[in-house]
Trainee: 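Following this message is one structure expressed as structure tokens.
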Amino acid sequence: MRRMRSQTWAGAAATVLLLSGLVTACSSPSGHNQASCATTPNGVPVTSGVPAGTASTNLATNPEIATGYRTGMRPVRTGTFAVSTANPVSTEAACKVLRDGGTAADALIVAQTVLGLVEPQATGIGGGAFLLYFDAASNKIDAYDGRESAPARATPDYLRWISETDRTAPQPNARASGRSIGTPGVVRLLEQAHDDHGKQPWKALFDPAITLADQGFKIGARMASQIADSASDLAKDPNARAYFLQPDGTAKRPGTTLTNPAFVKTLSAIATDGPNAFYTGAIAADIADTIATTTSGRTAGLTTAADLAAYQAKKRTVLCAAYRTHDICGMPNPSSGGIAVAATLGILSHFDLASMKPGNTDGDSNTALDGGTPTATAVHLISEAERLAYADRDKYVADPDFVPLPGNSPQTLIDPNYLKQRAALIDPNHSMRTAKPGDFGPVLVGNGAQQPEHGTSHISIVDKYGNAASMTTTVESAFGSFHMVDGFILNNELTDFSAEPVDSDGVSVANRIDAGKRPRSSMAPTLVFDRNPDGSRGPLSFVTGSPGGAVIIQFVVKTLVAMLDWGLNPQQAVSMVDFGAANVPTTNIGGEHPNVNAADNGDHDPLVQGLRQRGHQVSVAPQSSGTSALTRDGNGWIGGADPRREGTVLGDAPSR
């Protein structure tokens, strides 16, 4: 019997409506749910993805650590614009901006600032982001790097010990100390994107989050469970303790109304005076002071107000690569996501994945709606291709301003001839378990350690002008560094660096920490375009991305293969079993999925057994994707939101 989790979804305030049957979804002639920015009488958004014929959904109380699943979710059809975020309150606020004529860049600001309130464990203005933005008028793609950076006083041993004279580890650990906090980048990124592509006034775009912070919002089950999980760490910070915990030190419960006057003040300053209000002056001083705190025995970080004043978001050259009849466009380094996704797909282009379509994907059963069941052969090939891509990613990818890639270009790692050679290393009948990186001569050595990550979110948007945004945004781990200042959480992004500056042979590690350097990321915001017969880039066809730490690459590859090779709709693609592998012996099969029998470690599941017969070491631990996908459909869009979280898709009504 297949295991199914059946906790109630109480994300944001939408639970009340779901349980009382007030959320409605209209059926279009094609059988898709329609979506709109309309609200019910008490202001809770009409959400997408509500399983047909049900009054509630299934979601574990802690999906980023113990993933749940909303079974039977249906794709949502919209008209000229659509937005998907990880929280229905954020989705509705961003959708209203699009409805009122705003661009995708405008909606990003609203989505990010609202998510900072209702999903502070995952994202906020104290973190960073990577953004791909397609401008339809110019047919140009901009890649924005808002990754956090190390302070000017950071040394290669910054995360290893307190100082050269005090060689003890940062306390209580590197992640919860001030040493983990990078200079936040997302506010500068949003400024740059709005300057380039915004339409509505900067100041007005902060009003939804300011109003919500002032009037209050209810803690959802997902946020409450992560507060409970992190209560002992949050208690070490006076501001976090007062905001998230009750007087007795226990977590505030679901349904508790939170107001955040400090965040109101912060956002009001940024809205009125621009991002300089964040990076200079009182807020910057508060951030530096908070990083330097030794409260509760925490080791101080060395970030100063000068580090904040000097921070700039950067434009990178977008990385695009052909796959079948499409161009896949992603982020270049310091994110490894775009390179690894493109390399994986380039390797897979040498296999006939279309002939390996998952079973049970047709019809109206929950099994079909949930993406069917992938074949062991397909999962084997995809996982092996990912191992090869991760091997290169682990060795070579770092901040390009400090460590050049082989050939001084991402194209070296995704060259078609090179990837053909890599594909030939795959045994169709047996797993390699771990792969060796390609040999590009003497280079710095990378850092293959996979950091746990529970503090990331993703936003996918298309507006009525044809523009599109795919942005992955993060504070790294759940509640970042547990340091809270002026109403927001500070990240722990510097733990994405290698703590060890050299490897066992004494060779410098590419992803070592250095002053001003940006840590390697796995974030993979992705835009997909059709290819014209002459090979030129055609129309935008897909927008996708996911949170999930180093596993983001696997989540995005799975979703792209499902849509491009297997013809699944975006909801099926996102809902499908999460699977894949980094360059380690373990292959992941998401045991939270209803189509996977995770009982007895998967010993009776056909997919798991098929992989073990091919030599895979299989884990059926729950996976923590939060993928969203938007697909062009004629003159409109079809969207899907990950059933493992509380995300939604909204937009205008489709034309008939």
Side-chain angles (χ1 to χ4, degrees), residues 319-330 336-358 361 371-372 374-393 410-438 522 524 526-531 541-542 544-546 551-568 572-574 576-583 587-589 607 610-611 614 616 625 627 629:
L319 179 67
C320 294
Y323 181 65
R324 315 291 190 195
T325 60
H326 293 86
D327 279 339
I328 314 296
C329 296
S336 65
I339 294 171
V341 168
T344 301
L345 294 176
I347 293 168
L348 290 173
S349 68
H350 298 281
F351 298 91
D352 183 16
L353 291 182
S355 67
M356 306 171 194
K357 183 176 179 179
T361 56
T375 68
T377 300
V379 173
H380 167 72
L381 293 174
I382 293 167
S383 299
E384 297 298 279
E386 288 171 341
R387 286 184 167 91
L388 291 162
Y390 272 97
D392 285 348
R393 170 253 194 205
Q411 296 298 326
T412 303
L413 296 177
I414 63 170
D415 177 77
N417 292 325
Y418 171 66
L419 296 180
K420 183 178 181 180
Q421 297 172 13
R422 300 291 275 172
L425 299 175
I426 295 177
D427 182 338
N429 299 310
H430 199 273
S431 176
M432 66 183 72
R433 294 213 167 193
T434 58
K436 294 182 179 180
S522 297
T526 304
L527 300 175
V528 181
F529 297 82
D530 295 338
R531 299 194 85 201
S541 51
F542 300 90
T544 191
S546 180
V551 193
I552 287 173
I553 294 159
Q554 298 166 43
F555 298 153
V556 172
V557 166
K558 176 211 78 168
T559 303
L560 291 172
V561 168
M563 293 189 296
L564 301 181
D565 286 299
W566 298 333
L568 302 192
Q572 287 178 304
V574 168
M576 177 187 281
V577 176
D578 281 335
F579 61 81
N583 192 26
T587 299
N588 302 313
I589 300 294
L607 172 59
L611 291 169
R614 290 169 171 83
H616 291 259
S625 60
T627 314

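The analysis underlying the following values was restricted to heavy atoms, covering all of them including side chains, and did not include hydrogens, waters or symmetry mates. This is a predicted model, so every value here is computed, not measured.
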Trainee: Given side chains that start at C-beta, do those of F542 and L564 come closer than 4.5 Å, heavy atoms only?
Mentor: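 Yes, at least one pair of side-chain atoms sits under 4.5 Å.
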
Trainee: With rounding to the nearest 0.5 angstrom, report the CG to CZ distance, N588 to F555.
Mentor: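 These two atoms lie 7.5 Å from each other.
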
Trainee: Got a donor-acceptor contact below 3.5 angstrom from the N583 side chain to the A435 backbone?
Mentor: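 A pair under 3.5 Å: yes.
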
Trainee: Would you name the heavy atoms of A573 and M563 that are closest together and state the gap between them?
Mentor: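 Scanning both residues, the minimum pair turns out to be CB-CG, 3.5 Å.
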
Trainee: If I compare all heavy atoms of L381 with all of P428, which pair ends up nearest, and what's the gap?
Mentor: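 So the minimum-distance heavy-atom pair works out to CD2-CA, 4.5 Å.
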
Trainee: Could you state the interatomic distance from OH (Y323) to OG1 (T344), rounded to the nearest 0.5 Å?
Mentor: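 Going from OH on Y323 over to OG1 on T344, the span is 10.0 Å.
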
Trainee: So, for R393 and S336, which heavy atoms are closest and what is the spacing to 0.1 Å?
Mentor: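 Smallest interatomic distance, heavy atoms only, reads NE-OG, 3.0 Å.
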
Trainee: Please assess L388 against I426 for the test side chain to side chain contact (heavy atoms under 4.5 Å, CB included), listing each intermediate value before the final yes or no.
Mentor: CA-CA 9 Å; L388 291 162; I426 295 177; 3.8 Å; yes

Trainee: Look up atom CG in L319 and atom CD1 in I414, then write down how far apart they are to the nearest 0.5 Å.
Mentor: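 So the gap between those two atoms works out to 4.0 Å.
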
Trainee: Nearest 0.5 Å, what's the CZ-CD1 distance between R387 and I347?
Mentor: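 Reported value, rounded in 0.5 Å steps: 12.5 Å.
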
Trainee: I'd like to know if the side chain of T526 reaches the main chain of A524, judged simply by a donor and an acceptor atom lying under 3.5 Å from each other, with no hydrogens or angles considered.
Mentor: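 Yes; at least one donor-acceptor contact below 3.5 Å.
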
Trainee: Rounded to the nearest 0.5 Å, how far apart are OG of S546 and CD1 of I553?
Mentor: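 Answer for the OG-CD1 pair, S546 versus I553, is 11.5 Å.
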
Trainee: For A423 and F351, work out which heavy atoms get closest and say how close.
Mentor: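 Answer, listing the atom of A423 first, then F351: O-CZ, 3.8 Å.
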
Trainee: Please evaluate residues E386 and F579 with respect to the criterion side chain to side chain contact (heavy atoms under 4.5 Å, CB included), reporting the C-alpha separation (whole Å), side-chain torsions for both, the decisive distance (0.1 Å), and the verdict.
Mentor: CA-CA 11 Å; E386 288 171 341; F579 61 81; 5.7 Å; no

Trainee: Please collect all salt bridge (Lys or Arg N to Asp or Glu O under 4.0 Å) contacts where either partner lies in residues 411-427, sequence neighbours excluded, each pair once.
Mentor: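 Sorted result for residues 411-427: D392-R422.
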
Trainee: Do W566 and Q572 make a side-chain contact, defined as non-hydrogen atoms from C-beta onward lying under 4.5 Å apart?
Mentor: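 The answer is no, as the side chains (C-beta and beyond) never meet within the 4.5 Å cut-off.
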
Trainee: Between T412 and Y418, is there a side-chain heavy-atom distance shorter than 4.5 Å?
Mentor: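 No, their side chains stay 4.5 Å or more apart.
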
Trainee: What do the steps show when you test V561 against L345 for side chain to side chain contact (heavy atoms under 4.5 Å, CB included), and what is the final call?
Mentor: CA-CA 8 Å; V561 168; L345 294 176; 4.0 Å; yes

Trainee: I need the single residue from R614, H380, E384 that forms a side-chain hydrogen bond (donor to acceptor under 3.5 Å, both in side chains) with S431. Which is it?
Mentor: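 Exactly one pass, corresponding to E384.
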
Trainee: Looking only at heavy atoms, what is the nearest atom pair of A340 and A389, with distance?
Mentor: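 So the two residues come closest at O-CB, 3.7 Å.
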
Trainee: Is a donor on one side and an acceptor on the other found under 3.5 Å between the side chain of K558 and the backbone of V574?
Mentor: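 Side chain of K558 to backbone of V574: a pair is present.
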
Trainee: What's the verdict on side chain to side chain contact (heavy atoms under 4.5 Å, CB included) for M356 and D565, showing C-alpha distance, side-chain angles and the deciding distance?
Mentor: CA-CA 9 Å; M356 306 171 194; D565 286 299; over 6 Å; no

Trainee: Rounded to the nearest 0.5 Å, what separation is found between the OG1 atom of T627 and the CD1 atom of I552?
Mentor: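 The CD1 atom of I552 is 9.0 Å from OG1 of T627, to the nearest 0.5 Å.
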
Trainee: Indicate the atoms forming the closest heavy-atom contact of P437 with A391, along with that distance.
Mentor: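 Shortest heavy-atom contact: CB-O, 3.6 Å.
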
